Amino acid sequence: QVQLVESGGGLVQAGGSLRLSCAASGRTFSSYAMGWFRQAPGKEREFVAAISRSGTNTDYADSVKGRFTISRDNAKNTVYLQMNSLRPEDAAVYYCAARVSVFITTTPTLYNYWGQGTQVTVSS
């Protein structure tokens, strides 16, 4: 089992940047494919980005391609989401998730573990 703790959220102006971190407990972090999702008020949770166990493969939602970058440091048991050129529509609670699988996926129900989320607010 793994516990996930997100950090790095906050208030930023449109066009600004934030870097989210997700620290995982346990010794088997490199066994998990990782994902970032977000949920805005009144909306369903949506996929943002995912990264494979080794970090070789990544996937992004079309809405964030070219602006967000997912990465991981298995030695630090941490996955990151660098968010640049933020827009008001990026405002949401951001969650990291872990999946016991070789494959990455955009489907939230296929992730086994979730963090508590971190709030990102973007002012226009």
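Here, residue 1 is the first one in the sequence, and each next residue gets the next number. Quantities reported herein were computed from a predicted structural model and do not represent experimental measurements.
- Within a 6.0 Å sphere centred on CD of Gln3, heavy atoms belonging to other residues, nucleotides or ligands number 12 at most.
- In terms of heavy atoms, Val2 sits closest to Ala24 at CG2-CB, 3.7 Å.
- Atoms OG and CG, on Ser52 and Asn57 in that order, are 4.5 Å from each other to the nearest 0.5 Å.
- Shown here are the side chain to side chain contact (heavy atoms under 4.5 Å, CB included) partners of Thr109, two or more places apart in sequence or in another chain: Thr107.
- Applying the side chain to side chain contact (heavy atoms under 4.5 Å, CB included) criterion to Val102, with sequence neighbours excluded, gives Arg53.
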Donor-acceptor contacts under 3.5 Å from residues 75-83 side chains, at least two apart:
| from | atom 1 | to | atom 2 | distance (Å) |
| --- | --- | --- | --- | --- |
| Asn77 | ND2 | Gly26 | O | 2.7 |
| Thr78 | OG1 | Lys76 | O | 2.8 |
| Gln82 | NE2 | Asn84 | OD1 | 2.9 |

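- Contact check on Arg87 versus Asp90 returns no salt bridge, with no Lys/Arg side-chain nitrogen under 4.0 Å from an Asp/Glu carboxylate oxygen.
- Tyr94 is linked by a side chain to side chain donor-acceptor pair (under 3.5 Å) to Arg38, counting only residues two or more places apart in sequence or in another chain.
- Scanning for side chain to side chain contact (heavy atoms under 4.5 Å, CB included) contacts around Ser123 gives Leu11, Gln13, with sequence neighbours left out.
- Taking every heavy atom of both residues into account, Ser30 and Asn74 meet most closely at CB-ND2, 3.6 Å.
- Partners of Ser124 by side chain to side chain donor-acceptor pair (under 3.5 Å), not counting sequence neighbours: none found.
- Scored by the side chain to side chain donor-acceptor pair (under 3.5 Å) test, Thr58 finds no partners at all (sequence neighbours excluded).
- Closest non-hydrogen pair, Pro88 versus Ala14, comes out as CD-CB, 4.1 Å.
- Tyr113 places a side-chain heavy atom less than 4.5 Å from the side chain of Val100.
- Taking CD of Glu46 as the reference point, atom OG1 of Thr106 lies at 11.0 Å (rounded to 0.5 Å).
- Side-chain atoms of Glu6 come within 3.5 Å of backbone atoms of Gln116 as a donor-acceptor pair (strictly under, hydrogens ignored).
- For the disulfide bond (SG atoms under 2.5 Å apart) condition, the pairs that include at least one residue of residues 94-124, sequence neighbours left out, are Cys22-Cys96.
- Thr69 places a side-chain heavy atom less than 4.5 Å from the side chain of Tyr60.
- Connection of Val12 to Val48 is established within a shared hydrophobic cluster, with ILVMFWY side chains joined at heavy-atom distances below 4.5 Å, either directly or through further cluster members.
- For Ser85, the side chain to side chain contact (heavy atoms under 4.5 Å, CB included) test picks out Arg67, with sequence neighbours left out.
- Leu20 CG to Thr118 OG1: the interatomic distance, rounded to the nearest 0.5 Å, is 6.0 Å.
- Other cluster members for Trp114: Phe37, Phe47, Val93, Tyr95, Tyr111, joined by side-chain heavy-atom distances under 4.5 Å among Ile, Leu, Val, Met, Phe, Trp and Tyr.
- Among residues at least two apart or in separate chains, there is no disulfide bond (SG atoms under 2.5 Å apart) pair with a member in residues 40-73.
- Residues Met34 and Ile104 have side chains not in contact (no heavy-atom distance under 4.5 Å, counting atoms from C-beta outward).
- Residues Tyr32 and Ile51 have side chains not in contact (no heavy-atom distance under 4.5 Å, counting atoms from C-beta outward).
- Listed by chain and residue number, nothing satisfies the side chain to side chain donor-acceptor pair (under 3.5 Å) test with Lys43 (two or more places apart in sequence, or in another chain).
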